[in-house]
Amino acid sequence: YTQGTFTYRGWAIECRISAEDPAQGFVPSVGTIAFAREPAGPGIRVESALYDGFIVSEFYDPLVAKVTAWGRDRGEAIQRMRRALYEFRIVGVRTNLPFHRGVMDDSRFLAGELDTGFLDRPVSPPREREHSEPELAALATVALLQHRRRHPATAPASGGPRGNDHSSGWRLAGRAAAVGAMAQGGKGWRRNV
């Protein structure tokens, strides 16, 4: 094969997600990941071994995931990566997700003004969106349900008329749907829980 054999098709961007604290000079952040939700969707690829309970040790590289976004052009790849980074959730350790979000929002990066000194200058802070109380409650509920489903021995003892029915996929699906409706501002979610 020669270089002329290949044709370019689209644009790809990769972000390496590490358990590091950008606010503290990217020092490693060790601990247990309590909850992880990886992004998905068109043009998004995630390579990781993340799971709830994953232990980030001081003895190994803090890399926890690689996210790749592909688009028909650079703008589409950036848009997809930006969406993926804002969807990515890791709870329990600090990560460099805010840094990557800042890069995707940085005017110099968007304009393609890149050189070897790009990271020596401050990167724009990310446009973090605030979560409403119902969204935070929904996230906490989903995390708890996931934990109870994976670790039934840690669930609270039976009590009340419903008992401790954590093994019922129908009940879990109903709860997850109710939580999703609640996060979207839907009404009547309590009767499904």
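These numbers were taken from a predicted model, which means no experiment stands behind them. Atoms considered below: every heavy atom in the structure, side chains included; atoms not considered: hydrogens, waters and symmetry mates.
Counting heavy atoms from C-beta outward, I44 and R83 have side chains that approach closer than 4.5 Å. Annotation: side chain of F88 is in contact with side chain of I90 (closest heavy-atom distance under 4.5 Å). Taking 4.5 Å as the limit, some side-chain heavy atom of V93 sits within range of a side-chain heavy atom of T95. For the pair M104/L85, a side-chain contact is recorded, criterion being any heavy-atom separation below 4.5 Å from C-beta on.
Side chain of Q79 to main chain of G75: no donor-acceptor pair is present (N/O by atom type, distance under 3.5 Å, no hydrogens or angles).
Here the closest non-hydrogen pair linking S57 and V30 is C-CG1, 3.8 Å.
For CH2 of W11, the number of neighbouring non-hydrogen atoms (other residues, nucleotides, ligands) closer than 6.0 Å is 12 at most. At most 12 heavy atoms of other shown residues, nucleotides or ligands fall within 6.0 angstrom of atom CZ in R45. Within a 6.0 Å sphere centred on CD1 of I55, heavy atoms belonging to other residues, nucleotides or ligands number 12 at most.
Among residue pairs with one or both ends in residues 37-56, those qualifying as ring pair (Phe, Tyr, Trp, His ring centres under 6.0 Å) are Y51-F54; sequence neighbours excluded.
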Exercise answer: donor-acceptor pairs, residues 58-65 side-chain atoms, under 3.5 Å, sequence neighbours excluded:
from : atom 1 : to  : atom 2 : distance (Å)
D61  : OD1    : L63 : N      : 2.7

Would you list the atom pairs, donor with acceptor, under 3.5 Å between side chains in residues 33-41 and any protein atom, with sequence neighbours excluded?
from : atom 1 : to  : atom 2 : distance (Å)
R37  : NH2    : E87 : O      : 2.9
E38  : OE2    : S48 : OG     : 2.1

Under 3.5 Å donor-acceptor pairs involving side-chain atoms of residues 20-27, not counting sequence neighbours:
from : atom 1 : to  : atom 2 : distance (Å)
D21  : OD1    : A23 : N      : 3.1

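Looking at residues two or more places apart in sequence or on another chain, you find a side-chain contact (heavy atoms from CB on, under 4.5 Å) between E14 and R16, K66, T68. The salt bridge (Lys or Arg N to Asp or Glu O under 4.0 Å) test applied to D115 returns R121, not counting sequence neighbours. Partners of P122 according to the side-chain contact (heavy atoms from CB on, under 4.5 Å) rule, which considers only residues two or more places apart in sequence or in another chain, do not exist here. In this structure N96 satisfies the side chain to side chain donor-acceptor pair (under 3.5 Å) test together with H100, sequence neighbours excluded. Taking the side-chain contact (heavy atoms from CB on, under 4.5 Å) definition, one finds that L110 meets it with I78, R82, sequence neighbours left out. The side-chain contact (heavy atoms from CB on, under 4.5 Å) test applied to Y1 returns T5, F6, not counting sequence neighbours. Every residue was checked against the salt bridge (Lys or Arg N to Asp or Glu O under 4.0 Å) condition with R74, not counting sequence neighbours, and none meets it.
Under a 4.5 Å side-chain heavy-atom criterion applied to ILVMFWY residues, the cluster that includes Y8 comprises that residue alone.
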Under the criterion side-chain contact (heavy atoms from CB on, under 4.5 Å), I'd like the reasoning laid out for R108 against L114: C-alpha separation, chi angles, the key distance, then a yes or no. CA-CA 7 Å; R108 293 171 299 137; L114 306 171; over 6 Å; no
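At a threshold of 4.5 Å between side-chain heavy atoms, the hydrophobic network of Ile, Leu, Val, Met, Phe, Trp and Tyr places M81 and L50 in one connected group. Residues V103 and W70 fall into different hydrophobic clusters, defined by Ile, Leu, Val, Met, Phe, Trp and Tyr side chains chained together at heavy-atom separations under 4.5 Å.
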